[in-house]
There are 2 protein chains.
Amino acid sequence: MGATEGRLSSEDRREQILAAATAVFGERGYAGGTTDAIAREAGISQAYVVRMFGSKEQLFLEVARRAVGRLEAEFRAVISQFSGEETMLERQSALGRAYGELVADRGILLSLLHLFGLGHDPVFGPEARDSFLGVYRLVREEAGFSPEDATDFFARGMLNTILLAMRMPDRKEDPMAFELLSTSMGPQCEAILALYEDAPARA
Amino acid sequence: MGATEGRLSSEDRREQILAAATAVFGERGYAGGTTDAIAREAGISQAYVVRMFGSKEQLFLEVARRAVGRLEAEFRAVISQFSGEETMLERQSALGRAYGELVADRGILLSLLHLFGLGHDPVFGPEARDSFLGVYRLVREEAGFSPEDATDFFARGMLNTILLAMRMPDRKEDPMAFELLSTSMGPQCEAILALYEDAPARA
DNA sequence: CGGTGAAGTAATCAATTGATTACCTCTTGG
DNA sequence: CCAAGAGGTAATCAATTGATTACTTCACCG
């Protein structure tokens with residue numbers, strides 16, 4: 001995301017800022033992510049970040065809504081392929097792979113995790129609950145998961161996301177950590193660890 | 001935690017500040033939790049909070065270490081009761097109850113969750129990974145869980161913690177939310193929801 | 001051309017916040 | 001009593017940060 005690009009259309013710039021904000025909020029959370037860090041990541045001025053979205057709060061809301069949108073879109077794409085002939089296990093791993101795809105755009109899942117930590121907030125709290133329930137409803141009703149299967153699926157997803165948030169892959173040489181990572185992430189473990197190698201490490 | 005108490009010994013005051021900090025950091029996270037909010041919660045001056053612990057960073061470190069300590073202590077207490085005759089399911093629900101106990105002191109689990117979100121941080125990142133691996137090791141080696149059982153156990157714990165962090169119990173009248181809560185928390189659901197009623201809501 | 005509107009920024013502001021300092025106020029032992 | 005040390009705070013600082021404003025630059029159209 002260097003500063004090498006010249007002028008962009010409002011629409012393109014908007015996308016670029018959203019991408020930068022997703023990365024920054026994903027790493028630092030809402031309170032910890034500054035509009036200045038986002039601006040630097042996008043190669044523009046801090047003033048423009050704020051002006052384009054009105055406020056940091058609005059920007060985070062858009063980041064969160066995009067993230068949920070991507071998650072739901074990815075799930076729906078998989079669900080639409082269901083024939084009704086699959087075993088439950090097949091459905092579960094298909095959705096699991098969809099989830100795995102999202103790891104590539106790491107900020108998406110991490111931003112959502114940070115959103116979920118803001119339940120106390122009068123703005124983000126309701127947003128978090130609505131978002132989570134929306135995805136749960138999707139998996140229950142459209143993917144046809146039982147309450148137990150859906151809960152297991154989300155539980156595993158949350159553990160995987162937290163392992164990424166804490167950068168557990170940094171410890172993959174530790175046998176205990178590797179066991180945990182590969183047990184939790186299952187067959188996608190290798191792919192995810194590989195993806196993770198090019199971690200920005202823009203701490 | 002009113003301001004009704006007079007002078008306390010350094011030791012008592014320290015405990016009180018740690019309790020206040022656990023609650024505040026649990027709700028707002030590290031970046032979002034101010035030393036001033038902690039001071040108000042403890043009924044003392046902001047200056048004293050900082051002076052007692054040297055820095056906000058040190059304070060959060062102590063909060064996090066205490067939280068992990070409590071979690072491990074609770075687990076060890078349960079594990080020490082194991083006879084070697086239980087089924088795996090019995091062991092799992094015994095540890096699950098131990099986890100449930102900690103919900104009473106809600107800040108503990110939520111502070112840990114926020115710690116886990118700080119994997120990028122040069123100080124808190126390593127702390128988070130060490131802490132998590134320490135508890136995992138405990139469950140694997142001392143409680144005798146297989147990698148799969150341990151992973152399932154942690155996955156469920158993470159989902160439960162996130163549901164608390166996002167205040168999903170506020171939505172318990174929504175059938176979908178209630179289904180999710182009761183499926184994830186299992187038999188302890190009622191007790192946890194009851195505990196949650198007296199949520200401080202000190203947003 | 002020239003001017004008009006969109007893209008973008010430098011400069012600056014006001015509020016917040018972690019930290020520091022100098023001071024106050026009890027208690028307690030000699 | 002009184003000195004000394006521990007508990008504790010008011011006042012203040014410097015840095016950070018989200019937001020605002022006035023300005024600049026550039027593309028394009030008539």
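Naming: A, B, ... by sequence-line order, numbering from 1 per chain.
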Take the protein atom CD of Q46(A) and the nucleotide atom P of dA19(D), then report the distance between them rounded to whole Å. 9 Å

Taking the six-membered ring for Trp, are F25(B) and Y30(B) parallel (under 30°), tilted (30 to 60°) or perpendicular (over 60°)? tilted

Please state how far atom NZ in K56(A) lies from atom C1' in dT16(D), giving the value in whole angstrom units. 11 Å

Given dG18(C), is OP1 or OP2 found less than 4.0 Å from the side-chain N or O atoms of T35(B)? yes

Residue I44(B), side-chain atoms from C-beta onward, closest of dT25(D), dT9(D), dA19(D): dT9(D)

Measuring to OP1 and OP2 of dG7(D), would you say a side-chain N or O of R13(B) lies under 4.0 angstrom away? no

Assess the side chains of E74(B) and Y99(B): does a donor N or O sit below 3.5 Å from an acceptor N or O? no

Between dT12(C) atom P and D36(A) atom CG, what is the distance in whole Å? 17 Å

Between dT16(C) (P) and R28(B) (CZ): distance, integer Å: 13 Å

Among dG8(D), dC26(D), dT20(D), the one nearest any side-chain atom of R7(A) is dC26(D)

Of E11(B) and A47(B), whose nearest nucleotide on DNA chain D comes first from the 5' end? E11(B)

note: F53(B), atom CZ; dT20(C), atom C1'; distance rounded to Å ~ 18 Å

Quick one: L59(A) CG to dG18(D) P, roughly how many Å, whole number? 10 Å

Could you work out which one of dA10(D), dA7(C), dT17(D) sits closest to the side chain of T34(A)? dT17(D)

Which nucleotide in the list dA19(C), dG18(D), dG8(C) gets nearest to the side chain of L8(A)? dG8(C)

Is any side-chain heavy atom of L133(A) closer than 4.5 Å to a side-chain heavy atom of M168(B)? yes

Side chain to side chain, S184(A) and L163(A), heavy atoms closer than 4.5 Å: yes

I want to know whether F154(A) and F132(A) have ring centres closer than 6.0 Å. yes

R14(A) atom CZ is separated from dG8(C) atom P, nearest whole Å, by 13 Å

Are OP1 or OP2 of dG8(D) and a side-chain N or O of Y48(B) less than 4.0 angstrom apart? yes

N/O donor-acceptor pair, side chain R51(B) with base dG8(D), under 3.5 angstrom: yes

Starting at CE of M52(A) and ending at C1' of dA7(C), how long is that distance when rounded to a whole Å? 8 Å

Could you tell me whether G32(B) contacts a base, only the sugar-phosphate backbone, or nothing, with contacts defined as non-hydrogen atoms closer than 4.0 Å? nothing

